[in-house]
Structure formats: structure tokens, C-alpha cells
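Each chain gets a letter, A, B and so on, in the order its sequence line appears, and its residues count up from 1.
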2 protein chains.
Amino acid sequence: MGSLEEAIKQKEFKDPYNKLVVNILYTHSYLVSAQNGILKPFDLSPEQYNVLRILRGQNGVPTTVSSIQDRMLNKMSNASRLVDKLKAKQLVERRECPSDRRQVDIMITDKGLIILNDLQTHMEGFNNQVINLTGEEVGLLNSLLDKLRG
Amino acid sequence: MGSLEEAIKQKEFKDPYNKLVVNILYTHSYLVSAQNGILKPFDLSPEQYNVLRILRGQNGVPTTVSSIQDRMLNKMSNASRLVDKLKAKQLVERRECPSDRRQVDIMITDKGLIILNDLQTHMEGFNNQVINLTGEEVGLLNSLLDKLRG
DNA sequence: TCCTAATACGTGTCTATACATTTAATATCA
DNA sequence: TGATATTAAATGTATAGACACGTATTAGGA
């Protein structure tokens, strides 16, 4: 796999900023593909998995659709339809919010929690296996990405 | 925007490897959204833009669909249909390859080249504006991402 | 109070991703 | 040569992303 230039068969980039954009897009695809391999047997898409983790983080407190949307990795996605898919699999519940009838309370079900726990054991080794970096380098990369977005 | 934890309203991560995966997914979304803003007036999706750049890099030598696929940022995408869309906009041409009739030769048109040049002037300032890093940090980030993928 | 604005959620449409399958053309080898 | 395998591209289907729009409900101000 090695360098980006080799991976996408491009000789060189005009400037390192341009290369960085392409590098992040490419690394994203690399990680998502690997993640997909783990999620597929569980019949979950990466974003469905993410929504379930958000709901688990609530520790039983219901959340609204828009709150889920705010916490999603992709702000332009469509939490409403994702919740629909998860409900069809009985991994989440939805209830009309009594205090504001525009809102809908979403909660993860026991079945959802069980699947997440199952997944976690599969995901544990995944990161270290797919990310070929030392702990120090991971920390550095994290802070650089945080700074990038300014 | 600042830290990832703040951006997606998560208190903390189990381990930095896990945070890194989420961080890359999130930064990807950040960059693609910004890129979309530039591409939209040109009626191009990010991946269509990428295919046009690949074809421009050929300097007039025709390429096959599978060669485009190999160089795409997302290996699982569908070059055939993307080429279709570009052909409908008259930005690429396709010809049956005489030496192997399974293959199709793809070339960027003059119209495609003109749009790319136009875009380039818009894209130039974009990177430095969106990426809040020094040149040194950009270099470091590039090499860390290359190493990540092993 | 009533009118208007803002909010929450859902829906519609187009494009792209992921992956299986199909069809045609070429390669390989007994 | 002929049967089989491999390859290139296209197609089919489900999910997701991007974005506009619609509808119901609540908020807020004249």
C-alpha cells in the first residue's frame, strides 16, 4: 500500500496541501472498507453503527432525532431515515415526546445493546490491526486533525 | 470547531486508536462538505471531479474504465456509471478499444479541460483556507497517514 | 390573542457507495 | 481446436449522502 502516490498511481502532487486533501479522502475509504468487513455480518452500515453508539452513550436517557443528527459524523446525513432502518430491525424504539409533540424520543433496545456488545469484541483488535502506528503517532495524528479543522 | 469531542458532543473515547478512526471519518466529512461548495456551481460531484483529474493526468492518452477505477479514491465506486454521467455532460468521450473489444477508451474532452482549468483557480485558495495547518504540519500529517495504511 | 417565525421531523429526488450478477470478449491449456 | 477460465464493462439493488421542500407544532412579538 505504502505511499499515496503509489496507491492511486499519481506521479506527484502540485502542493502538499492538495496531497493532504486527497490523502485524507483515500485513508477514509481505506478505513471504511475495513470497518464494513466487520459490520456486514451484523447487517449494519457504518452510519447505523454510529447511531447505535450515540444512543448507547445516552445510558437510557431518550434522545431526539435532531440531537442524533448533531452528533453524527456526517452532518448532512439523514438521521430520520437511519432511525427508521434501525427500528425496522428492532434495534431502537421511538416514542412521541410528551412535552413537545414535534419531537420523537429515540432509545436503543436491549437487542441493540446486545449487538453492540457483540460487535465491540470484534472491533477491539480491529483498530490496532488496521492502523499501523505507534501510540505516540496516534496521539500526534489526532491533535493534527483537530488543529486542521481550526 | 476545535476538538473532536466538542464537535460530535462525545465526552471521551475508550482509546486513542478509536478516537483516530472517528477523527478521520469526521475530518473527511468536513473536507468533502467544503469541496462540495466549490464544485456545486460547476455541477460536478467530488468523485466526478476526481475522474476528470485522472483523465487530465493522461495528457491525451486514452484510458480504460478499469484503469480509472484503480486510480479512484474509492476503490469500491463504480467508474462505469461515473463515466456515463460525464459523457452525458460532454466532458469525456468513449470509444471502443480496437485492440481489445472488451475495453472502452476514455478521454477528457476540450470542454472537460476548460471546466477543470476554471475550477483550478477556485480550488487554489481553498486548501489553504480550509486547512488550518502550517506547511510543516501538512508534511507531517501526510507522512503519518501514509504510514497508517502500512 | 393572532400573526408570523422558528423548530422538529418526514419525504422526494438525484447521486454515490457496496456488492452481486450478467454479458461479451479474450486467454489458457488439454 | 474446443472447453474452460479470466477479464472488462455494464447492470441491478439496497443503503447513504446532499439538499430542497412539506407539514405539524411550538415560540414570540405586535
B:Ser77 side chain near C:dT17 phosphate (N/O to OP1/OP2, under 4.0 Å) = yes
Could you check A:Ile24, A:Leu133, A:Leu4 and say which one makes a side-chain contact (heavy atoms from CB on, under 4.5 Å) with B:Leu145?
-> A:Ile24
So which of residues 33-41 of chain B are in contact with DNA chain C, with a heavy-atom cut-off of under 4.0 Å?
-> none
Closest of D:dT26, C:dC9, D:dA9 to the A:Arg102 side chain is D:dT26
Give the intermediate values and the outcome of side chain to side chain contact (heavy atoms under 4.5 Å, CB included) for residues A:Lys85 and A:Glu47.
-> CA-CA 11 Å; A:Lys85 298 279 164 60; A:Glu47 211 56 80; over 6 Å; no
Where do B:Gln10 and B:Glu12 come nearest, in terms of heavy atoms and distance?
-> NE2-O, 3.3 Å
Have a look at A:Asn78 and say if it touches a base, only the backbone sugar-phosphate, or nothing, with a 4.0 Å heavy-atom cut-off.
-> base
Nearest whole angstrom, please: distance from the C1' of D:dT15 to the CG of A:Leu86.
-> 12 Å
May I ask you to verify if any side-chain N or O of A:Lys85 is less than 4.0 angstrom from the OP1 or OP2 atom of D:dA16?
-> yes
Hey, does A:Lys89 have a side-chain heavy atom less than 4.5 Å from the side chain of A:Leu44?
-> yes
Nearest-Å distance, CZ (A:Phe42) to P (D:dT15)?
-> 19 Å
Take atom CE of A:Met72 and atom P of D:dT15, then tell me their distance rounded to the nearest Å.
-> 15 Å
Of A:Val65 and A:Val32, the one whose closest DNA chain C nucleotide lies more 5' | A:Val65
Answer with base, sugar-phosphate or nothing: what part of the nucleic acid does B:Ser29 contact at a heavy-atom distance below 4.0 Å?
-> nothing
Describe, in one word, how the ring planes of A:Phe42 and A:His122 are oriented to each other, choosing from parallel (under 30°), tilted (30 to 60°) and perpendicular (over 60°).
-> perpendicular
State whether the number of non-hydrogen atoms from other residues, nucleotides or ligands found under 6.0 Å of B:Glu5 atom CD is greater than 12.
-> yes
So does A:Asn74 get a side-chain nitrogen or oxygen closer than 4.0 Å to the phosphate oxygens (OP1/OP2) of D:dA16?
-> no
Whole-Å gap separating P (D:dA14) and CG (A:Asp43) | 13 Å
Separation of D:dT15 P from A:Leu82 CG (nearest whole Å) = 11 Å
Could you tell me whether the phosphate oxygens of D:dA16, OP1 or OP2, come under 4.0 Å of any side-chain nitrogen or oxygen in A:Gln48?
-> yes
Length of the NE2-C1' vector between B:His28 and C:dT17, whole Å = 11 Å
Look at B:Arg149 together with B:Asp146 and state whether they make a salt bridge at an N to O cut-off of under 4.0 Å.
-> yes
Whole-Å distance between C:dC9 C1' and A:Lys87 NZ?
-> 15 Å
Comparing nearest nucleotides in DNA chain D, the 5'-proximal residue of the pair B:Ser66, A:Glu47 is B:Ser66
Quick one: the side chain of A:Arg101 and the base of D:dT25, do they pair up donor-acceptor inside 3.5 Å?
-> no
Phosphate OP1/OP2 of C:dT15: any B:Ser45 side-chain N/O under 4.0 Å = no
Worked check of side chain to side chain contact (heavy atoms under 4.5 Å, CB included) between A:Ile108 and A:Leu116 = CA-CA 10 Å; A:Ile108 190 167; A:Leu116 265 192; 4.0 Å; yes
What is the distance from CG of B:Leu73 to P of C:dA16, rounded to the nearest Å?
-> 14 Å
Between the base of D:dG17 and the side chain of A:Arg81, is there a donor-acceptor distance below 3.5 Å?
-> no
